[in-house]
Amino acid sequence: MRASHFLIATLKETPADAEVVSHQLMLRAGLIRQLTSGLYTWLPLGLRVLHKVANIVREEMNQSGAQEILMPVVQPAELWQESGRWQQYGPELLRIEDRHQRPFCLGPTHEEVITDLVRNEMSSYKQLPANFYQIQTKFRDEIRPRFGIMRSREFIMKDAYSFHIDHNCLQETYDVMHQTYCNIFNRIQLDYRSVLADTGSIGGSGSHEFHVLASSGEDDIAFSDTSDYAANVELAEAITLDRRQPATQALAEIETPGQYTISHLSSFLNISPTQTVKTLIVLGEAEDEDQKQPLVALVIRGDHELNALKAEKLAGIASPLSFAPEERIEEELHCKIGSLGPKGLAINIYVDRSAAVLSDFVCGANKHNYHLTGVNWGRDVPEGEVVDIRNVVVGDPSPCGSGTLEIKCGIEVGHIFQLGTKYSDAMNATVLDENGKAKTMAMGCYGIGITRIIAAAIEQNYDDNGIIWPDAIAPFQIALIPINLHKSAAVNEQCEALYKEFQHQGYDVIYMDEAKARLGVMLADTELMGIPHRLIVGDRGLENGTIEYKGRRDTESQHITIDTIIPFVTTLFS
RNA sequence: CUGGGUGUAGCGCAGUUUGGUUAGCGUGUUGGGUUUGGAACCCAAAGGUCGUAGGUUCAAACCCUACCACCCAGACCA
């Protein structure tokens, strides 16, 4: 590509409304422009990257045996009513009507459409397993789009859906997809982790997320420092190896005026927050629809955080988890929120494992402005049911049994699920089995955020001068930069020859062929755009028979003799 | 949705407190000239419904009212 025929839309200054690095650099390098909140136009440079990522995903998906299809963005409401999600989905689902006032939606995902297709087209177990995928635009009316392309409303996703006669077959495809995803992220050269994940409202039995590690990530990932174990903090099991010690103190009630938080309380008493517990009151499940939801107490160690996802899975606790209103606590427990404790509570009590091994601890006295010290389970307060309801913290023992946990931020770029029969049941998607009986197919679904990968790759690869693309997804592999093009016939001739040769050999080259462009501008632009390899052709070098090479991450240039430049470039990409 | 912030030239901003002639600066753009190994210099020029609508006033970018858009935090979210 000649720069004279290519929109180089670089910006010298950082646009004011971009906060995270990838968003800033995507705007500055001229990859995207914002149309309105959460909607972006892909400029020529950005689209090149998009295509490279999509092609890698496509190649690996094809390699895995999946078949590419393309489904509509606009979907009829009937299908969503059939699966029940027309009601379940909130305002995130953008609903529209056609000229006949027939209801449609913009697809945030395609389970319904694919299930409808497969139930119509597939009739025998002999056709299974089958895995269909598409690379296509999705629309989710996010409450708050942010971080540019990272969480936009419209985005491009690779989504695949597999169909199986039984769970074993599903597991096999799931494992193949897990490996395929590893292949994809390896090819793009991202620092990523596959982590155990929550299946969320989509249900099913198994799920992994793929996270690119970056400080701007919105998810927290816990890892073992000595094994491969990795899990989303939402899901990571919190283990305690401590044993409860025998009681040594007597129970005492002390006045603690104004001490309503753990940090205030522990500095007031000059103790560690790890010697305290906090009691959180949440809503339970009502026995009848018209009955009030009962209150349930959750007790965790003072320095720990409640994990809502774990808590709402416990028997008798309402999902989604919600804290009890203060009025109900005061009314029914006769105590304000800063002085709660497990002592004498006439409601169900769940105690986190780490809180359950404490002895001689401090907790609220259920009496405004009073706390108890020297508290011991069983002797002073009911034992409660011991469960895992807290977030893991750095230094916790890894649940895999090896090493301790570290926590890093991750950007979710892929997610694979075993759906089971949730959609095939609802939509009656069956095939005949070996006995000629109709059998509901088991399903898996597998997503990759194509556009999000681009932002994630930048978050992981940039410096003060701009983006540093991994070779596999760079918009151009090589920048060819002439010096004094308008004056030097030798430079012109050499560049044209090299440009033709690179094209002939199939390299993506951006030839900075604008006659009057200044060197500094060309260097700054190609660095900002993140072109991984750069060749400079100037009279000075040509006189010595050399061309200058510099890799985007290199600190020094190399002078390569002209007749070895092609083999030299070949070795760069081998 | 709640809270905070911002809307003035393509981009980054000043001017608004205390209303007053022709709305500025940097950068970018166009034309001309001098330059040419890291965003160069000189000259000239184009480019503005001051977010929108209404109001106050002799006079509004500036004061008042309503609305809209975008950004940030939270909540929410396969």
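Small disclaimer: the values here were computed from a predicted structure and weren't measured. Each chain gets a letter, A, B and so on, in the order the sequences are listed, and its residues count up from 1.
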Can you find an N or O donor on one side and an acceptor on the other, under 3.5 Å apart, linking the side chain of Arg534(A) with the base of G38(B)?
yes
For Glu548(A), answer base if it contacts any base atom (sugar-phosphate contacts may also be present), sugar-phosphate if it contacts only those atoms, and nothing otherwise; contact means non-hydrogen atoms under 4.0 Å.
base
Quick one, His178(A) with Phe210(A), criterion ring pair (Phe, Tyr, Trp, His ring centres under 6.0 Å). Give me CA distance, side-chain angles, the key distance, then yes/no.
CA-CA 9 Å; His178(A) 190 280; Phe210(A) 288 77; 5.1 Å; yes
With rounding to the closest Å, how many angstrom separate the P atoms on U30(B) and A14(B)?
27 Å
Nucleotide nearest Arg146(A) (side chain, heavy atoms from C-beta), chosen from C71(B), G37(B), C76(B):
C76(B)
Considering every strand and a 4.0 Å limit on heavy-atom distances, what is the contact class for Arg452(A): base, sugar-phosphate, or nothing?
nothing
Same-atom distance (P) from A40(B) to G48(B), integer angstrom:
26 Å
Provide, to the nearest angstrom, the distance between the CG atom belonging to Leu27(A) and the C1' atom belonging to C70(B).
13 Å
Of the options C70(B), A73(B), U36(B), whose atoms approach the side-chain atoms of Thr36(A) most closely?
C70(B)
Would you please confirm or rule out a distance under 4.0 Å between OP1 or OP2 of C76(B) and any side-chain N or O of Arg151(A)?
no
Distance, rounded to the nearest Å, where Leu528(A) contributes CG and C11(B) contributes P
17 Å
Less than 4.5 Å apart, any side-chain heavy atom of Asp159(A) and any of Gln134(A)?
yes
Could you tell me how far C72(B) sits from U36(B) if I compare only their P atoms? Round to whole Å.
46 Å
Thr14(A) side-chain N/O to C11(B) phosphate OP1/OP2 under 4.0 Å:
no
Closest to the side chain of Arg518(A), out of G37(B), G74(B), A40(B), is A40(B)
Residue matched to U2(B) through Watson-Crick or wobble contacts both under 3.5 angstrom:
A73(B)
Looking for any heavy atom pair under 4.0 Å, which part of the strands does Gly541(A) touch: base, sugar-phosphate only, or nothing?
base
Look at the aromatic rings of Phe417(A) and His415(A) and report parallel, tilted or perpendicular, splitting at 30° and 60°.
parallel
For the pair Tyr174(A) and Tyr446(A), name the ring-plane relationship: parallel under 30°, tilted 30 to 60°, perpendicular over 60°.
tilted
Nucleotide forming a Watson-Crick or wobble pair with G7(B), both distances under 3.5 Å:
C68(B)
Quickly work out the Lys550(A) NZ to G37(B) C1' distance and round it to whole Å.
13 Å
Please give, in whole Å, the distance from C76(B) P to Gln88(A) CD?
18 Å
5'-most contact on RNA chain B: Arg153(A) or Ala524(A), nearest heavy atom basis?
Ala524(A)
Can you tell if the side chain of His164(A) reaches within under 4.5 Å of the side chain of Met441(A), non-hydrogen atoms only?
no
Separation between the P atoms of A61(B) and G51(B), rounded to whole Å:
10 Å
Tell me which nucleotide, if any, is Watson-Crick or G-U wobble paired with G19(B) when both distances must be under 3.5 Å.
none
Using the C1' atom as the point on both nucleotides, what is the distance between C71(B) and U34(B), in whole Å?
44 Å
Between G7(B) and C62(B), how far apart are the C1' atoms? Round to whole Å, please.
15 Å
Trace of the ring pair (Phe, Tyr, Trp, His ring centres under 6.0 Å) decision for Phe6(A) with Phe476(A):
CA-CA 12 Å; Phe6(A) 190 83; Phe476(A) 297 102; 5.2 Å; yes
What integer number of Å spans the C1' atoms of C11(B) and A73(B)?
26 Å
Any side-chain N or O of Arg144(A) below 4.0 angstrom from OP1/OP2 of C72(B)?
yes
Distance check, C1' atoms only: U16(B) and C63(B), in whole angstrom units.
10 Å
Would you mind telling me which of Val73(A), Ile69(A), Ile156(A), Ile450(A) makes a side chain to side chain contact (heavy atoms under 4.5 Å, CB included) with Gln136(A)?
Val73(A)
Options C70(B), C11(B), A39(B), nucleotide nearest the side-chain atoms of Asp525(A):
A39(B)
Glu13(A) side chain: which of A39(B), C76(B), C11(B) is closest?
C11(B)
Rounded interatomic separation in angstrom, taking CG from Asp141(A) and P from C76(B):
18 Å
Among C72(B), U36(B), G12(B), which is the nearest nucleotide to the side chain of Ala16(A)?
G12(B)
From CA spacing to verdict: salt bridge (charged side-chain N to carboxylate O under 4.0 Å, His left out), Asp425(A), Lys422(A):
CA-CA 6 Å; Asp425(A) 259 338; Lys422(A) 178 175 167 145; over 6 Å; no
Across every strand shown, the nucleotide meeting Watson-Crick or G-U wobble geometry with A40(B) (both distances under 3.5 Å) is U34(B)
Compare the minimum distances between each of U36(B), G37(B), A39(B) and the side chain of Leu519(A), then state the nucleotide with the smallest one.
G37(B)
State the pairing partner of C25(B); accept Watson-Crick or G-U wobble contacts with both distances under 3.5 Å, and report none otherwise.
G12(B)
Of the listed nucleotides A39(B), G37(B), C77(B), the one nearest the side chain of Arg540(A):
G37(B)
Among the nucleotides G12(B), A39(B), G38(B), whichever has the atom closest to the side chain of Asp17(A) is G12(B)
Closest-nucleotide 5' rank along RNA chain B - winner of Tyr89(A) and Leu11(A):
Leu11(A)
For atom NZ of Lys487(A) and atom P of U34(B), their distance in whole Å:
10 Å
Should Lys12(A) be listed as having a side-chain N or O under 4.0 Å from OP1 or OP2 of G28(B)?
yes
For G47(B), what is the paired nucleotide under Watson-Crick or G-U wobble rules, both distances under 3.5 Å?
none
Expressed as a whole number of angstroms, how long is the span from Ile143(A):CD1 to U2(B):C1'?
12 Å
Calculate the interatomic distance between Asn484(A) atom CG and U34(B) atom P; express it in whole Å.
15 Å
Does the salt bridge (charged side-chain N to carboxylate O under 4.0 Å, His left out) test come out yes or no for Arg151(A) and Glu412(A), once each step is laid out?
CA-CA 11 Å; Arg151(A) 182 175 290 278; Glu412(A) 184 187 345; over 6 Å; no
